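What follows is one structure encoded as structure tokens, with my remarks underneath.
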Amino acid sequence: MSLTIAAVEKQYREKVILKDISLTFEQGKIYGLLGRNGAGKSTLLNIINNRSFASKGQVVLDGKLVTENEAQLTQLYLMSEDNLFPPQLKIKKLFKLTEGFYGDFDWDLANKMAEDFELDLKQKFRKLSTGYRSITKLIMALAVPCDYVFLDEPVLGLDANHRELFYDYLLDTYETRVRTFIISTHLIEEITNLLEEVIILDRGKVIRTDSVEELLSEGKVITGPREEVLNFIQGKKVIGEENLGKSMTAYVNSPVSKELPENIEVAPLSLQDYFVHLTNRKRGH
């Protein structure tokens, strides 16, 4: 079973939000959906999960359209910043409502997570802080039986300890029952080790899709005297440059030979730095 986004576009009046988005999410992988504010990430996730409609294109799961298809939609779950739940209901009641729609709710996991996060299931949703609202929604996202789970800014309001606890739970549940997770977040450094595949959106378009392993193997930081660095990076794909006096740092997305000039240093490029320089609009990308 695969989830395919085929030539999806979204336009509000004259403004194009998404343009010709074509992707395939395979089963059993953890994807990172990365993009600057306004790149179209949340719009794309809402379209996939039938919360918004595409101007063009289709979303297909296992050969069947997702749009208005309840059987297909129960295989998808979107956790987002939107609070779609009746605010007066208690947390346990929200869990039961979720179980009623999706079925096979993992109560053992939900209760264990609530205990570890110190979430009172008798508390009303509207009385929770931003962080604990996120925790409530994360518990539901991991406890539902869906094959595709989308997490849009999942750790909003969580402190460092709670974020680390969530990442541990995500990996534990992923190993217990393999599903596909698609995580959209600005905390790229924190999730790099979780991800297998990366999709980068910029200005409504997909500008890169690849494995994390491939991106990190290609990305390099090259530092040294400016003239020597400029000579060394000729013919390479440069995605960013920084100058400090007579020294220069270049960020490249190209293989680098093992034989280096004496004054040149080469270091790995992190996923976050790769993303920042690839989408740096000051350079006209």
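Just so you know, these numbers use all the heavy atoms, side chains as well, and skip hydrogens, waters and symmetry mates. Quick caveat: nothing in here was measured; it's all calculated off a predicted structure.
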Determine, stepwise, if the pair I21 / E9 fulfils side-chain contact (heavy atoms from CB on, under 4.5 Å).
CA-CA 7 Å; I21 303 294; E9 299 192 1; over 6 Å; no
Does a side-chain heavy-atom distance below 4.5 Å link L271 with L215?
yes
Could D108 and K112 be called an ion pair, given the rule that one side-chain N must be under 4.0 Å from one carboxylate O?
no
If only atom types and distance count, is the side chain of N49 paired as donor or acceptor with the main-chain N or O of R51 below 3.5 Å?
no
Do L109 and L142 have side-chain heavy atoms sitting under 4.5 Å apart?
yes
Taking NZ in K236 as the centre, count heavy atoms belonging to other residues, nucleotides or ligands within less than 6.0 Å. Is the count above 12?
yes
Give a yes or no answer on whether the side chain of N46 reaches the backbone of S42 with a donor-acceptor pair at less than 3.5 Å.
yes
Hey, does I199 have a side-chain heavy atom less than 4.5 Å from the side chain of L34?
no
Do Y167 and E190 get their side chains close enough for a donor-acceptor pair, meaning under 3.5 Å?
yes
Just by distance, do the side chain of R163 and the backbone of L158 share a donor-acceptor pair under 3.5 Å?
yes
Taking every non-hydrogen atom, the tightest pair across F275 and R36:
CZ-N, 3.6 Å
Give me the ring orientation class for F150 and F25: parallel if the planes are under 30° apart, tilted from 30 to 60°, perpendicular past 60°.
perpendicular
Salt bridge (Lys or Arg N to Asp or Glu O under 4.0 Å) assessment of E218 paired with R208:
CA-CA 13 Å; E218 289 182 0; R208 185 72 193 266; 3.4 Å; yes
Are there over 12 heavy-atom neighbours, none belonging to E213, within less than 6.0 Å of that residue's CD?
no
CZ of R177 to CG of D147, rounded to nearest 0.5 Å, is 6.5 Å
Does atom CG (D159) have a neighbourhood of more than 12 heavy atoms from anything else shown, all under 6.0 Å?
yes
Any chain of hydrophobic side-chain contacts (each under 4.5 Å) joining V8 to V16?
no
Do you know which two heavy atoms are closest between E70 and F101, and how far apart they sit?
OE2-CE1, 4.4 Å
May I have the step-by-step check of ring-ring contact (aromatic ring centres under 6.0 Å, His included) for Y77 and Y102, ending in yes or no?
CA-CA 9 Å; Y77 189 89; Y102 291 96; 5.2 Å; yes
Looking at Y174, does the NZ or CZ of R179 lie under 6.0 angstrom from its six-membered ring centre and within 45 degrees of the ring axis?
no
Are N37 and H186 linked by a side-chain donor-acceptor pair shorter than 3.5 Å?
yes
Any link between L65 and I47 through a network of hydrophobic side chains (Ile, Leu, Val, Met, Phe, Trp, Tyr) touching at under 4.5 Å?
no
Check for a donor-acceptor pair, side chain of S134 on one end and backbone N or O of L156 on the other, with a separation under 3.5 Å.
yes
Compare all side-chain heavy atoms of Y132 with those of Q123 and state whether any distance is below 4.5 angstrom.
no
Residue among L138, I139, N161 satisfying side-chain contact (heavy atoms from CB on, under 4.5 Å) with F166:
L138
Does some side-chain heavy atom of E227 sit less than 4.5 Å from a side-chain heavy atom of V229?
no
Any residue meeting side-chain contact (heavy atoms from CB on, under 4.5 Å) with P86, in chain and number order, not counting sequence neighbours:
Q88, L89, L94
For T192 and I188, indicate whether the former's side chain and the latter's backbone hold a donor-acceptor pair under 3.5 Å.
yes
Could you check whether any side-chain N or O of K41 sits under 3.5 Å from a backbone N or O of G35, counting only pairs where one atom can act as donor and the other as acceptor?
yes
Non-hydrogen atoms of T176 and D172 that approach each other most closely
OG1-O, 2.8 Å
Short question: side chain of T249, backbone of T223 - any donor-acceptor pair under 3.5 Å?
no
Taking atom types as modelled and ignoring hydrogens, do the side chains of Y148 and Q27 form a donor-acceptor contact shorter than 3.5 angstrom?
no
How far does OG of S184 sit from CG of L45, to the nearest 0.5 angstrom?
5.5 Å
F53 versus K10, closest heavy-atom pair with distance
O-NZ, 2.6 Å
From NZ (K124) to NZ (K93), nearest 0.5 Å:
13.5 Å
Validation row: L269, L216 side chains within 4.5 angstrom (heavy atoms)
no
Donor-acceptor side-chain pairing of D202 and T279 below 3.5 angstrom:
no
Is the gap between the ring centers of Y31 and F181 under 6.0 Å?
no
Given the rule in the side-chain contact (heavy atoms from CB on, under 4.5 Å) test, do E241 and M248 qualify, once you have shown the distances and angles that lead to the verdict?
CA-CA 7 Å; E241 297 176 4; M248 177 179 179; 3.5 Å; yes
Does the Q72 side chain pair with the main chain of L61, one donor and one acceptor, at a distance under 3.5 Å?
yes
Taking the side chain as everything from C-beta on, heavy atoms only, tell me whether N243 gets closer than 4.5 Å to R226.
yes
Please examine the side chains of V60 and V66, heavy atoms only from C-beta on, and report whether any two atoms are closer than 4.5 Å.
no
Can you list the steps and then say if D168 with E164 is a side-chain contact (heavy atoms from CB on, under 4.5 Å)?
CA-CA 6 Å; D168 287 343; E164 192 65 33; 4.1 Å; yes
With sequence neighbours excluded, residues passing side-chain contact (heavy atoms from CB on, under 4.5 Å) with L171
I30, L194
In Å and rounded to the nearest 0.5 Å, what is the CG to CG distance from L201 to L33?
5.0 Å
Counting only heavy atoms not in Q11, do more than 12 sit closer than 6.0 Å to its CD atom?
yes
Evaluate the side-chain contact (heavy atoms from CB on, under 4.5 Å) criterion for residues T98 and F105: first the C-alpha distance (whole Å), next the side-chain angles of each, then the deciding distance (0.1 Å), finally the verdict.
CA-CA 8 Å; T98 303; F105 192 81; 4.2 Å; yes
Shortest non-hydrogen pair, A7 vs S22, comes out as N-OG, 2.9 Å
How long is the span from the NZ atom in K64 to the CD atom in Q75, to the nearest 0.5 Å?
10.5 Å
Checking T185 side chain against L187 main chain: does a donor-acceptor pair fall under 3.5 Å?
yes
Could you check whether any side-chain N or O of K137 sits under 3.5 Å from a backbone N or O of S80, counting only pairs where one atom can act as donor and the other as acceptor?
yes
Between I183 and P154, which heavy-atom pair has the shortest distance, and what is it?
CG2-CG, 4.1 Å
Residues K29, E197: salt bridge by 4.0 Å N-O rule
yes
Here the gap from S211 atom OG to E196 atom CD, rounded to the nearest 0.5 Å, amounts to 9.5 Å
